[in-house]
> 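Below is the structure I would like to discuss, written out as structure tokens.
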Protein chains: 2
Amino acid sequence: MSLAPLFRPIDVAPAYQKVADAIEREIVNGRIKPGDPIGTEHDLVRQFGVNRSTIREGIRVLEEGGLISRDSSRRLHACLPRYSKLTSRLSRALVLHEVTFRELYEASMTLEVASIEGAVERATEENLAELADNLLRSEAVVGDAAALAECDAEFHVLVAKASQNRVLQLAREPAAQLFYPTTEMIVTGVAEGGPRLVAAHRHLIDAIRRRDSEAGVLWTRRHLQDWRRGFEKIASLDRSVEHMYMEHAQAARRR
Amino acid sequence: MSLAPLFRPIDVAPAYQKVADAIEREIVNGRIKPGDPIGTEHDLVRQFGVNRSTIREGIRVLEEGGLISRDSSRRLHACLPRYSKLTSRLSRALVLHEVTFRELYEASMTLEVASIEGAVERATEENLAELADNLLRSEAVVGDAAALAECDAEFHVLVAKASQNRVLQLAREPAAQLFYPTTEMIVTGVAEGGPRLVAAHRHLIDAIRRRDSEAGVLWTRRHLQDWRRGFEKIASLDRSVEHMYMEHAQAARRR
DNA sequence: TTCGTCCCTTTGTCCGACAAAGTTAATGAC
DNA sequence: GTCATTAACTTTGTCGGACAAAGGGACGAA
């Protein structure tokens with residue numbers, strides 16, 4: 001028979017990890033608020049009683065997690081993790097897991113429909129203004145595939161924002177980051193692509209303004225189906241997301 | 001007038017960042033495959049021609065991003081980023097952004113319904129076996145709130161897995177990580193909670209087996225509404241997610 | 001073969017150092 | 001007194017070297 005568990009496993013995390021955990025705890029607990037300065041590396045050396053190299057390794061961990069960052073003068077301060085930074089990690093993971101466009105399409109269909117429903121229900125005047133502004137800019141660049149694709153991506157971010165649901169905003173982001181880069185290829189390849197895209201956006205804004213949920217859902221579906229039809233002219237939906245999208249995401253992250 | 005752009009901005013990233021980027025590129029490009037060993041720190045010192053401290057900072061960045069990890073003997077190797085590790089970062093972000101339970105509830109409603117629809121359509125026998133096994137274990141611990149809550153969380157992970165859609169699996173995870181810890185409180189507080197939860201799971205498995213999408217969606221809705229009713233007996237849906245959940249997530253991450 | 005021992009490698013941590021860039025304070029001009 | 005300039009100090013990024021602890025491998029003994 002086995003002995004009764006007298007001892008709990010002891011915590012033997014390396015020092016840099018303990019440093020990172022300690023700072024993380026303070027931030028998550030709210031004792032350090034977003035924007036608050038963390039000390040200099042030398043301060044932390046004194047407080048934790050470990051070497052500066054060790055502190056620096058801990059800092060890298062937190063920095064990568066988006067919990068702290070350095071301002072223009074490279075001083076450390078806590079910050080609210082930006083979704084886009086975190087979700088680019090997830091997009092990368094999806095690429096490495098070789099997910100297919102079919103998976104992206106299906107998930108996006110769900111997430112974008114949910115976004116528009118939320119937006120129809122709760123969009124503010126400010127949200128509508130942002131969307132209208134985006135539409136104007138889209139119409140101006142309807143001939144430029146790259147610029148239009150960027151506008152399209154922003155449009156859907158704005159719709160999600162208008163849903164006032166940050167969980168949804170965050171959940172749709174990894175898929176969107178992989179999904180929308182293809183838009184450029186499609187708009188380039190399909191003659192009617194650009195105008196149809198802008199028309200769909202117009203109908204979506206209209207639906208939000210009229211609080212017409214059915215129309216919103218309908219046009220979101222059509223919009224995505226347009227994407228799908230365009231994509232299938234180029235490649236199979238069952239192809240896995242390619243590494244080229246990763247490069248796109250990398251460039252975006254650095255921006 | 002301004003001069004024509006003769007020069008592109010030069011890349012002045014710190015060395016540790018360049019090291020991390022270089023290794024990341026190789027992994028994402030597929031030249032280093034998951035499981036492949038990265039060299040020792042000393043190897044990397046030689047290859048990159050920088051100091052070991054610099055290499056180590058770069059390694060911390062990649063490690064935190066889930067792209068590389070150390071095996072039992074602490075040697076470095078590339079790996080497929082685990083969703084759960086990455087999404088715990090997102091959960092943390094949601095806590096810091098002080099999202100409300102209403103947002104979690106609404107998003108989860110969408111995501112779990114999509115999961116069950118996928119599962120009904122595409123679940124394999126193996127998926128069903130896993131779900132059945134989970135149900136058995138749930139029934140065995142129906143009186144133990146903590147154990148039951150854990151089973152519930154696993155159940156929904158398995159449903160998402162059965163949908164065969166990894167994008168969906170990933171998208172639902174951050175919300176689920178914050179959502180399901182409350183299950184324990186609810187099962188404890190509401191007398192009928194445990195049995196109702198297990199009954200819902202039974203109906204869901206049944207719906208998947210019979211490929212009955214409507215029943216699946218119906219019972220998912222009921223299941224979530226049960227959660228909501230239980231939760232509202234304890235607190236307002238508009239309360240922001242508390243820091244206590246963060247601690248829960250931290251403990252889980254360390255496991 | 002299996003076990004234990006010795007040696008080498010690797011990691012985690014420490015110390016001290018320095019150049020570059022930023023910050024602060026003091027200085028001088030108006 | 002205000003503003004610009006310079007000098008002194010601080011902080012970061014990087015480097016070199018060092019050492020203890022733990023792991024892995026080779027070697028020989030039972």
Side-chain angles (χ1 to χ4, degrees), chain A residues 7-27 32 35-79 85 253-254, chain B residues 7 9-27 32 34-79 85 253-254:
Chain A
F7 303 110
R8 309 221 113 268
I10 26 181
D11 186 13
V12 285
Y16 71 86
Q17 187 70 54
K18 288 187 179 174
V19 168
D21 284 350
I23 298 176
E24 167 174 343
R25 246 194 317 281
E26 294 307 293
I27 294 176
I32 300 177
D36 284 2
I38 317 287
T40 66
E41 295 179 1
H42 191 58
D43 288 338
L44 297 174
V45 165
R46 258 174 303 172
Q47 291 182 54
F48 287 103
V50 298
N51 192 268
R52 191 157 77 96
S53 310
T54 306
I55 294 289
R56 282 175 65 82
E57 288 188 37
I59 286 174
R60 292 294 158 248
V61 171
L62 294 172
E63 231 175 3
E64 182 65 6
L67 269 181
I68 70 180
S69 69
R70 314 192 92 115
D71 57 24
S72 63
S73 78
R74 308 197 193 178
R75 264 194 250 283
L76 293 169
H77 57 87
C79 60
K85 161 147 201 193
R253 182 148 44 86
R254 244 183 279 290
Chain B
F7 302 110
I10 27 181
D11 187 11
V12 286
Y16 71 88
Q17 187 69 54
K18 287 187 179 174
V19 167
D21 284 350
I23 298 176
E24 166 173 345
R25 246 194 316 281
E26 295 305 292
I27 294 176
I32 300 177
D36 284 2
I38 317 288
T40 67
E41 295 179 1
H42 190 56
D43 288 338
L44 297 174
V45 165
R46 258 174 305 173
Q47 291 182 53
F48 287 102
V50 297
N51 192 270
R52 191 157 77 96
S53 310
T54 305
I55 293 289
R56 283 174 64 81
E57 289 188 37
I59 285 173
R60 292 294 158 250
V61 172
L62 295 172
E63 232 175 3
E64 182 66 6
L67 270 181
I68 69 180
S69 68
R70 315 193 92 114
D71 58 23
S72 62
S73 75
R74 307 195 195 181
R75 264 193 251 286
L76 292 168
H77 56 87
C79 60
K85 161 146 200 194
R253 181 146 43 85
R254 245 181 281 290

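Chain naming here is simple, since letters A, B, ... match the order of the sequence lines and numbering starts at 1 in each.
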> Rounded to whole angstrom units, what separation is found between the CG atom of B:L76 and the P atom of C:dT11?
6 Å
> Would you mind checking if A:R46 and A:D43 are paired as a salt bridge, meaning a charged N to carboxylate O distance below 4.0 Å?
yes
> Who passes side chain to side chain contact (heavy atoms under 4.5 Å, CB included) against B:R70, sequence neighbours left out?
B:E41, B:I59, B:R60, B:E63, B:R74, B:L76
> Got a second to check how far A:R75's CZ is from A:I68's CD1, nearest 0.5 Å?
14.5 Å
> Just wondering, do A:R25 and A:D21 contact through their side chains at under 4.5 Å, heavy atoms?
yes
> Can you check the A:E57 CD to D:dG13 C1' distance for me, whole Å?
14 Å
> Rounded off to whole Å, could you give me the NE2-to-P distance for the B:H42 and D:dA18 pair?
14 Å
> If you take all heavy atoms of B:I27 and B:A78, which pair is closest and at what distance?
CD1-CB, 3.9 Å
> Calculate, to the nearest 0.5 Å, the distance between atoms OG1 and NZ belonging to A:T54 and A:K18 respectively.
12.0 Å
> For the pair made of CD in A:Q17 and C1' in C:dT11, what is the distance, rounded to whole Å?
15 Å
> Check the distance between D:dA22's C1' and B:D71's CG and give it to me in whole angstrom.
13 Å
> Kindly compute the distance separating CG (B:L62) from CD (A:E64), expressed to the nearest 0.5 Å.
7.5 Å
> Distance check: side-chain N/O of A:R56 vs OP1/OP2 of C:dG12, anything under 4.0 Å?
no
> Measuring from the side chain of A:R70 (C-beta onward, heavy atoms only), which nucleotide among D:dG13, C:dT13, C:dT11 has the closest atom?
D:dG13
> Could you grab the distance from atom CG of B:L44 to atom CD1 of B:I23, nearest 0.5 Å is fine?
5.0 Å
> To the nearest angstrom, how far is A:H77 atom NE2 from D:dT11 atom C1'?
15 Å
> To the closest 0.5 Å, what do you measure between CD1 (B:I32) and CG (B:L67)?
10.0 Å
> Could you give the CD-to-P distance, from B:E63 to C:dT11, as a whole number of Å?
11 Å
> Hey, what are the protein-to-nucleotides 4-9 of chain D N/O distances that come in under 3.5 Å?
none

> Looking at D:dT10, I'd like to know if its phosphate oxygens (OP1 or OP2) sit under 4.0 Å from a side-chain N or O belonging to A:T40.
no
> Using a 4.0 Å heavy-atom cut-off, write out nucleotides 15-24 of chain C from 5' to 3' as B (base contacted by protein), S (sugar-phosphate only) or - (no contact).
B-B----SS-
> Rounded to whole Å, please give me the gap between CD1 in B:I59 and P in C:dT11.
7 Å
> Report the residue (B:E41 or A:G49) whose heavy-atom-nearest nucleotide on DNA chain C is the more 5′ of the two.
B:E41
> Under 4.0 Å: is that the gap between some side-chain N or O of A:T54 and OP1 or OP2 of C:dC14?
yes
